[in-house]
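Okay, so here's the structure we're looking at.
A, B, ... follow the sequence lines: proteins, then strands. Residue 1 opens every chain.
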2 protein chains.
Amino acid sequence: MADEQAKEVQARSVGTEAREQAPGSRDEILRAAMTLFANRGFHETSMSEVAREARVSKALIFWHFKTKEELFIAVLNRLLEPYFIDFAEELSALDEREQILRLVEMYLLFVRDNANSVRFFLAQLLHDEHRGESGLGSQVMQLYEGYRGLLTSLIAQAQQRGLCVHGYSSEGAAAFLLSALNGFLIEFLFMGRPALDPQHALAMVREWLFGETKQGNPDGGQAVA
Amino acid sequence: MADEQAKEVQARSVGTEAREQAPGSRDEILRAAMTLFANRGFHETSMSEVAREARVSKALIFWHFKTKEELFIAVLNRLLEPYFIDFAEELSALDEREQILRLVEMYLLFVRDNANSVRFFLAQLLHDEHRGESGLGSQVMQLYEGYRGLLTSLIAQAQQRGLCVHGYSSEGAAAFLLSALNGFLIEFLFMGRPALDPQHALAMVREWLFGETKQGNPDGGQAVA
DNA sequence: CTCTCTATTGACCGCATGGTTAGGGAATTG
DNA sequence: CAATTCCCTAACCATGCGGTCAATAGAGAG
């Protein structure tokens with residue numbers, strides 16, 4: 001209950017037109033909505049709940065955001081931010097083999113560290129028919145295809161240099177690799193148990209793609225029977 | 001539109017107590033609810049919609065099913081039926097290598113043919129926290145773990161007989177294989193494009209697991225570069 | 001014909017929801 | 001100070017929801 005009433009002077013500085021960066025109620029609302037939407041979904045979250053969670057009147061939410069949908073897409077965009085990573089800078093210095101492995105690792109680590117929002121977007125994509133249409137689906141697909149394209153071209157280069165021993169087409173290999181990664185993702189998201197930690201997964205990918213066998217212990221973790 | 005009004009005499013035969021098998025309104029309601037729940041989810045589907053879709057009064061639904069939740073779990077159970085397949089009979093006659101491949105193929109074909117319900121269960125598992133608890137989650141997990149266990153033991157046998165060239169632990173190999181399969185599933189469910197048809201996927205699995213290269217054309221479909 | 005049991009309905013209820021409105025207080029501006 | 005603008009609220013409204021109820025039709029049993 002503790003209605004601590006932290007009024008928080010709310011940093012004017014509005015000055016000329018810099019109406020960004022007001023750490024006031026708007027952000028509080030966004031944060032509340034983010035958690036609620038993520039944990040319960042859109043229809044299962046009421047505006048009153050958001051209001052309560054943000055310690056703000058419901059009407060204020062409708063002052064900041066015209067409708068519930070508008071609040072929702074605002075939350076979407078904010079959640080989407082960390083998905084835009086600049087691969088180029090980090091990869092440019094490595095050779096193809098290392099680039100591929102780093103790319104894979106980044107995928108795995110990202111999923112591990114952003115499990116909540118990944119789960120959220122997955123659920124969103126699943127039952128909105130917005131797939132294909134302009135909207136969330138297209139944005140996510142764009143990111144995904146970008147990643148796949150990068151992976152494909154890297155594999156093609158590696159194949160040309162003979163680093164990559166397999167006889168697949170680069171597209172086929174990339175598709176298979178991505179499938180494996182998505183499989184890790186599912187396993188990670190659904191069974192809380194991280195049956196395959198990123199490092200182990202990465203090792204298996206390395207062996208599959210480059211024929212390298214991790215020297216030392218080849219056991220994976222869940223050796224049970 | 002065509003409200004064909006197929007009244008369908010509705011087959012009494014109630015006789016003594018066989019109250020199963022009445023292809024009447026109850027089934028119509030279940031069918032309507034199935035599609036609606038699958039396409040929109042639980043909270044987004046109203047009982048009035050179900051009633052309209054089933055061409056039945058709302059009150060009748062509440063006569064057949066006490067609450068909305070009860071209708072929902074009835075739908076769940078009906079959707080879950082095709083998931084119970086008896087692997088044993090079909091696999092017993094083959095050697096390990098063929099058993100594994102057949103198992104994989106069954107997985108892929110099943111996902112392809114039951115995409116809708118798979119999508120539905122996935123969505124359900126995603127944002128209900130019922131994961132782990134008794135309920136849908138546990139049932140699905142049980143099926144999944146059964147499949148994984150079967151796969152693991154088969155791979156172990158194949159490894160003992162030297163059919164399986166890789167140095168993974170059987171658990172690790174099964175986990176990797178399942179991840180790849182789940183990846184196919186994701187790719188298939190989300191991008192409508194079947195970037196990897198079951199046959200192609202199966203071929204890649206075969207090559208990975210047994211080192212066999214499909215004799216003849218090694219292209220899978222999207223051979224481009 | 002009447003009694004009963006199953007199947008079905010339209011009308012209704014209380015409630016929570018998304019959204020609105022009228023207004024109040026504080027700061028900025030003239 | 002008065003006017004304006006921004007931020008914020010309590011109270012309200014219309015709608016649609018899950019769910020109930022009394023009534024009823026129809027088919028068999030006696």
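- Judged as a side chain to side chain donor-acceptor pair (under 3.5 Å), and not counting sequence neighbours, the contacts of Asn116(B) are Arg119(B).
- OP1 or OP2 of dC8(D) lies within a sub-4.0 Å distance of a side-chain N or O belonging to Ser25(A).
- Atom CD of Glu28(B) is separated from atom P of dA7(C) by 16 Å (rounded to the nearest Å).
- Applying the salt bridge (charged side-chain N to carboxylate O under 4.0 Å, His left out) rule to Arg78(B) yields the partners Asp27(B); only residues at least two apart in sequence or on another chain are considered.
- Rounding to whole angstrom units, CD1 of residue Ile29(B) and C1' of dT8(C) are separated by 10 Å.
- Within 3.5 Å, a donor on the side chain of Lys58(B) pairs with an acceptor on the base of dG19(D), or the reverse.
- Partners of Phe62(B) according to the ring pair (Phe, Tyr, Trp, His ring centres under 6.0 Å) rule, which considers only residues two or more places apart in sequence or in another chain, do not exist here.
- Neither side chain, Gln142(B) nor Tyr147(B), offers a donor N or O lying under 3.5 Å from an acceptor on the other.
- Annotation: of the two residues near DNA chain D, Ala59(A) and Thr45(B), the 5′-most nearest-nucleotide partner is Ala59(A).
- Residue Ser46(B) places at least one side-chain N or O closer than 4.0 Å to OP1 or OP2 of dC17(D).
- Rounded to whole Å, atom P of dA11(D) lies 20 Å from atom CE of Met47(A).
- In this structure, the NE2 atom of His43(A) is 12 Å from the P atom of dC17(D), given to the nearest Å.
- If you measure from atom CZ of Arg55(A) to atom P of dT9(D), you get 12 Å, rounded to the nearest angstrom.
- Listed by chain and residue number, Arg102(B) satisfy the side chain to side chain donor-acceptor pair (under 3.5 Å) test with Glu90(B) (two or more places apart in sequence, or in another chain).
- A donor-acceptor pair is defined here as one N or O able to donate and one able to accept, closer than 3.5 Å; no such pair exists between the side chain of Lys58(A) and the backbone of Arg52(A).
- Taken residue by residue, residues 61-71 of chain B places heavy atoms nearer than 4.0 Å to DNA chain D at Phe62(B), Thr67(B), Lys68(B).
- Applying the salt bridge (Lys or Arg N to Asp or Glu O under 4.0 Å) test to pairs two or more places apart or on separate chains, those with a residue in residues 29-46 of chain A are Arg40(A)-Glu49(A).
- Between Arg52(A) atom CZ and dT9(D) atom P the separation is 15 Å, expressed in whole Å.
- Rounded to an integer number of Å, the gap from Leu60(B) CG to dA22(D) C1' is 16 Å.
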